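This report refers to the structure that appears directly beneath it.
Here is how names work: the chains are called A, B, and so on, in the same order as the sequence lines, proteins then strands, and each is numbered from 1. Remember, predicted model here, so these are calculated numbers, not experimental data.
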Amino acid sequence: MALSGLDIYKLLPKTNCKDCGFSTCLAFAMALAQKRTSLDKCPHVTAQAKEALESASQPPIKLITIGSGDNKLEIGNETVMYRHEQKFFHPCGIGFLVEDILSESEIDKRIADINSLKFERVGQVISPDLICVKNTSKDKDRFAGSVKRVMDGTKSNIALYGDDSAAMAGAVSLCRARKPLVICGDSGNLDEFIKLAKTGSLPLAVTCSNIEEAASATAKAKQGGVEEIVINIKAKNLSGKIQDYALMRRTALKKNFRPLGYPTISFTDSVEPDIELAEAISYATKYAGIVIIRNTKKEYVFPLLVTRQDIYNDPQKPVQVEPKIYEIGKVTNQSPVLVTTNFSITYFTVAGEVESSKIPSYIICCDADGMSVLTAWAAEKFTAEKISDTLNNIGIMDMVGHRKVVIPGYVSVLSGKLEEISGWKVNVGPREASGITNYLRGYK
Amino acid sequence: MAIDLVKEKYNDAINTVEIGPSGSKTVKVGGETTMPFLFAEGGMPNAPVVALEVLDCEPSDWPESVKKSFGDSIKTPVAWAKACVSEFGAKILCVRLQSVHPDYGNRPAEEAVATLKSISKEAGVPLIVIGSGDDEKDNEVLPKASQALKGENCLFGIATQNNYKTLTATALADGHSIIGESPIDINIAKQLNILISDMGLDPKRIVMHPTTTSLGYGMEYVYSIMERARLAAFIGDKMLSMPFILFVGQEVWKTKEAKEFGEAQGVNWEIATSVAMLQAGADILVMRHPSAAKSVMKYIDMAMNK
Ligand code: SF4
């Protein structure tokens, strides 16, 4: 949260000594608020004021990085509660729990399953982000062995979850280069975990049973020299967890309350795969920075990954489909030609209706910056000129033997001009996509 | 550490809409004073509900994986509806009068209404009744259906900005509630609620359909429209204070992700879309696959646990 010039002024010595090069402390404060100078120009500022000013200039929820290199995971730095207010910035990490009570072959099987989880959707490759190895066995060597197998078997980012700091130190030494997230499972051992994270400059997750405990734990970790912190709350149920995570995020955002200004991690509790999926979706939509699940089956992981992709889409930037000719069904050179915009929902809706009409057709999506028909028309992105240009250059002339095009009913006003400049015969289709099926059936 | 947590407390509530004749089986939806499941900040007096969808004829374009999960019952609407209630735990049904549609049998309105009446009698749960999607046929069949179920306090749909008068008038005459649909547009949603209320229908008899889109097909637009409408309602916008209905099954089972990669993925697609909609504030989910519906009902129980 940015401070005003006046807020900054209150923290300065108010002696107007001019050592900073400004004539008064107030002038310096104003310049600082506008980022025209830096705080170190004033040699007299107190340590306390310095800390207050520095913390105010940081984002309310800290950005945390797990891993290194291209597939590192960045979470946090969120600024809003609802995506329509701006957007959600850093897609939550999605990872899998690997417990060290599994046999070596079971671990290898899990790793192989996880490695195969890669999907392509709307031009983006989506895949999980990390593996969380848990020291369930309480056995130091077993933990190290499991971590090693995971290290050898994948390039994935890693989280290490355990209660015992000696076991954790051993595991960390095996994978330090991957900058793992160290998860302290037992708040009784927090001090040792803090030392461990500080020494290795690693992100640390604190596990707590409520928000108050979490705030104390993060304050302690920060004091102990840990910069990157993640909060894990063991709430008594699903609604409790969503409520806690919402309250922490809101308090961090609205009050710039530092001890809660960190991203969160959420583990699913449900054993049944369908309910686990539902639980994971809840966390992905509601304020988890990382969601850790057990199930690795692709028919569960895929919808979860797509949910995350949807929710983290930038609402300011409409999702576009490529402006081109889409063939629906077994088209021929006599099939109808429909034109619309390249807003993804517009296209999907029109395509769905054309498909259900069972009349093979061409849909041409004009490049309208991904706007819907009415918006694009109002913004002059979907004009007679634009449509004419598209019809004559996109290649449809070579694909059909006729020169008849259907335009959306909402832009019927364009029909005269479009006919005139394009040389195509223009038919006005229905206003809503739901009318397309009937329209196409009667279309000659 | 004592912390002054920022809680959102709202003064205004979402309307409560009752569906079904008064009695033990009445389904109540709405009434929220908080964003979904945030029980430290407000209440959700009525749990969201799952309505299984049944048609008044055997569905011709539903994927085999959905159809076969109902067994033979799906061949006869009344048996199908009964199975939804007794076998699959539905406390409310959504009957789609598909058979009158020119593409799906073009049957006379009277036949559809007769089937609907039997369903109402035999299934014994509150009903949501929607038309076939063909405006002309629906303007004929829905008034008849409404009259046939007079006093049953059903939820009828779907009214749009261009076609709401007939439905509003019949709902008024026969004591039903109605669904108003807007194309992912908060202003049109509000406008339609105003138009319907102006005809004399109590705003507490309106449920909003913000348009449904499947996961992966623009679900997030609907998600955000719902959040925006809810937040506006909580700070006093009475013309956006209606509960939400989402036709999840209908949209999900159109997608290739649900249809072409095995039944389990389709079921999960329907679960995932439903849960995301619940997190955005959905009150009624109209679903198709009974396994998905069962999972979502279980999830709702879990999420409502304080
Ligand atoms: S150096 Fe510091 S104390 Fe001196 S005028 Fe500048 S801001 Fe004020």
Side-chain angles (χ1 to χ4, degrees), chain A residues 82-84 121-122 211-213 215-216 219 237-240 242-243 246-248 250-251 253-255 257 259-260 270 272 274-275 277-279 281-282 285-286 297-300 302-304 306-307 309-313 315 319 344-345 348-349 352 355-357 431-432 434-435 437-438 441, chain B residues 1-8 35-41 61 102-103 133-135 160 162 183-184 213 215-221 223-225 227-228 231 254 257 261-262 264-269 271-276 278-280 291-292 294-296 298-299 302-306:
Chain A
Y82 304 105
R83 49 191 297 288
H84 67 261
R121 253 200 80 80
V122 287
I211 299 179
E212 285 72 23
E213 267 181 50
S216 308
N237 55 32
L238 175 81
S239 68
I242 292 175
Q243 176 70 81
L247 282 174
M248 291 199 295
R250 202 182 298 116
T251 305
L253 292 179
K254 300 273 152 77
K255 287 207 165 156
F257 183 68
L260 296 178
S270 311
E272 307 100 313
D274 55 336
I275 303 301
L277 170 66
E279 207 191 330
I281 301 247
S282 317
T285 53
K286 291 296 169 75
K297 286 214 178 84
K298 74 172 192 354
E299 63 270 28
Y300 290 83
F302 187 32
L304 176 59
V306 176
T307 303
Q309 192 182 28
D310 279 3
I311 292 297
Y312 280 86
N313 268 333
V319 184
S344 64
I345 297 191
F348 287 135
T349 323
E355 207 178 315
S356 68
S357 78
R431 290 158 78 93
E432 296 293 341
S434 55
T437 304
N438 269 342
R441 300 230 169 128
Chain B
M1 192 181 281
I3 308 169
D4 194 7
L5 293 168
V6 185
K7 291 187 180 166
E8 294 284 10
M35 293 305 264
F37 312 113
L38 301 182
F39 298 121
E41 304 185 56
D61 57 355
D103 298 340
D134 182 274
D135 276 357
T160 62
N162 302 322
I184 323 190
T213 52
L215 171 60
Y217 290 84
M219 176 271 279
E220 71 273 23
Y221 292 90
Y223 187 98
S224 283
I225 283 287
E227 288 195 329
R228 283 174 59 197
L231 292 169
K254 266 187 206 167
E257 286 78 3
F261 298 89
Q265 183 165 305
V267 168
N268 291 338
W269 215 260
I271 295 174
T273 309
S274 299
V275 172
L278 287 168
Q279 286 297 341
S291 308
K294 196 173 152 208
S295 301
V296 173
K298 226 166 136 185
Y299 169 77
M302 178 168 88
M304 287 301 289
N305 211 333
K306 285 173 203 151

Please rank [options] by heavy-atom pairs under 4.5 Å with chain B and give me the top one.
options                                : result
A:Ser344, A:Ser282, A:Ser356           : A:Ser282
A:Thr251, A:Asp310, A:Asn237, A:Thr285 : A:Asp310
A:Leu247, A:Ile211, A:Leu304, A:Leu260 : A:Leu247
A:Glu432, A:Glu299, A:Gln243           : A:Gln243

For the CD1 atom of B:Ile271 and the NZ atom of B:Lys298, what is their distance to the nearest 0.5 Å?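 Separation between the atoms: 10.0 Å.
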
Please report the interatomic distance CZ(A:Arg250) to CD(B:Glu41), rounded to the nearest 0.5 Å.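 One finds 4.0 Å between CZ of A:Arg250 and CD of B:Glu41.
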
So what's closer than 4.5 Å to chain A heavy atoms on [X]: side chain, backbone, both or neither?
X        : answer
B:Tyr223 : side chain
B:Leu278 : neither
B:Asp61  : neither
B:Lys294 : neither

Heavy-atom pair count under 4.5 Å with chain A, highest-scoring of [options]:
options                               : value
B:Gly218, B:Ser224, B:Gly133          : B:Ser224
B:Leu38, B:Asp135, B:Val296, B:Thr213 : B:Leu38
B:Ser274, B:Ala272, B:Ala276          : B:Ala272
B:Glu8, B:Glu257, B:Met304            : B:Glu8

Side-chain touch [X]/[Y], heavy atoms, less than 4.5 angstrom:
X        : Y        : answer
A:Thr307 : B:Val275 : no
A:Asn438 : B:Asp103 : yes
B:Ile225 : A:His84  : no
B:Lys254 : B:Tyr217 : no

Considering only heavy atoms, which portion of [X] lies under 4.5 Å from any heavy atom of chain B: side chain, backbone, both, or neither?
X        : result
A:Ala278 : both
A:Ile242 : both
A:Thr349 : neither
A:Tyr300 : both
A:Ser357 : neither

By side-chain hydrogen bond (donor to acceptor under 3.5 Å, both in side chains), which residues pair with B:Asp4, not counting sequence neighbours?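 side-chain hydrogen bond (donor to acceptor under 3.5 Å, both in side chains) check on B:Asp4 returns A:Lys255.
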
Closer than 3.5 angstrom, by distance alone: can the side chain of A:Arg121 be matched with the main-chain N or O of B:Gly216 as a donor-acceptor pair?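 Pair found, side chain donor or acceptor close to backbone of B:Gly216.
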
Give a yes or no answer on whether the side chain of A:Glu279 reaches the backbone of A:Ser270 with a donor-acceptor pair at less than 3.5 Å.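 Yes; judged by distance alone, with no hydrogens or angles, the pair exists.
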
Measure across A:Arg83 and A:Asn313 and return the closest heavy-atom pair with its distance rounded to 0.1 Å.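 Reported closest heavy-atom pair: NH2-O, 3.0 Å.
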
B:Gln279 and B:Phe37: CA distance, side-chain angles, deciding distance, side-chain contact (heavy atoms from CB on, under 4.5 Å) verdict: CA-CA 8 Å; B:Gln279 286 297 341; B:Phe37 312 113; 3.8 Å; yes

